[in-house]
Amino acid sequence: MPFYYFDTTALVKRYSRERGTRTVNALLVKRGKTVILGTSSITELYSVFAVKAREGELTRDDWYSVIYKFEAESDRGLFHYVAPSSRTFVATKRLILEYPFLRASQAIHLALAVELKPLRLSLVSSDRQLLELCRPHGIKPINPEDD
């Protein structure tokens with residue numbers, strides 16, 4: 001059974017037509033798959049689409065439709081969630097000390113993926129910095145934009 005950890009850059013592609021959307025959608029319809037999101041991705045998703053609405057890339061109604069679709073798919077079990085623990089935050093500190101270029105969201109996503117490493121998951125992201133750090137930590141990277 002394949003396990004995928006989606007960061008926010010991958011999750012946004014589910015609800016926005018952009019490069020990589022086709023790959024994200026193909027992963028989401030795979031039989032027997034489990035897609036895992038860090039709980040912080042929920043707030044990040046809302047924020048990304050709020051910016052898109054504010055900048056006129058989509059209407060307010062479209063923004064609300066995205067939120068509705070995401071929440072409906074969540075309710076149907078498309079996504080499984082993992083919340084950062086105190087152990088996760090200690091891991092983010094170590095990651096940031098080792099890789100001082102990491103942004104907070106990158107560190108949280110990487111730390112959660114490392115915690116879930118026993119699942120032999122793949123990290124799905126279009127963030128090249130984050131993807132480059134997957135292999136040294138034993139995680140398979142998938143860039144949906146490489147389709």
What I'd like to find out is whether the side chain of [X] reaches to under 4.5 Å of the side chain of [Y], using heavy atoms alone.
X	Y	answer
Leu58	Phe49	yes
Tyr5	Val82	yes
Val24	Phe6	yes
Ile139	Val114	yes

Answer yes or no: is there a donor N or O on one side and an acceptor on the other, between the side chain of [X] and the main chain of [Y], under 3.5 Å?
X	Y	value
Thr92	Phe89	yes
Thr21	Glu18	yes
Ser65	Asp61	yes
Thr34	Phe3	no

As a quick check of understanding, evaluate side chain to side chain contact (heavy atoms under 4.5 Å, CB included) for Leu102 and Leu133, giving each step before the final call. CA-CA 10 Å; Leu102 279 178; Leu133 294 176; 3.7 Å; yes
Worked check of salt bridge (Lys or Arg N to Asp or Glu O under 4.0 Å) between Asp62 and Lys69: CA-CA 10 Å; Asp62 290 339; Lys69 182 178 178 185; over 6 Å; no
Parallel, tilted or perpendicular, judged at 30° and 60°: which one describes the rings of Phe79 and Phe70?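 Correct class here is tilted.
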Side chain to side chain contact (heavy atoms under 4.5 Å, CB included), that's the test. Do Leu95 and Gln106 meet it? Break it down for me. CA-CA 10 Å; Leu95 288 167; Gln106 291 171 315; over 6 Å; no
Ignoring hydrogens and geometry beyond distance, is a side-chain donor-acceptor pair present between [X] and [Y] at under 3.5 Å?
X	Y	value
Ser125	Asp127	no
Glu73	Tyr15	yes
Thr88	Ser85	yes

Let me see the working for Lys33 and Leu27 under side chain to side chain contact (heavy atoms under 4.5 Å, CB included), right down to the final yes or no. CA-CA 8 Å; Lys33 57 66 185 87; Leu27 292 173; over 6 Å; no
Show the numbers, then the answer: is there a side chain to side chain contact (heavy atoms under 4.5 Å, CB included) between Val35 and Leu28? CA-CA 7 Å; Val35 177; Leu28 288 168; 3.5 Å; yes
What residue among Ser41, Ser105, Pro144, Ser126 forms side-chain contact (heavy atoms from CB on, under 4.5 Å) with Thr9?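 Single pass found, and it is Ser126.
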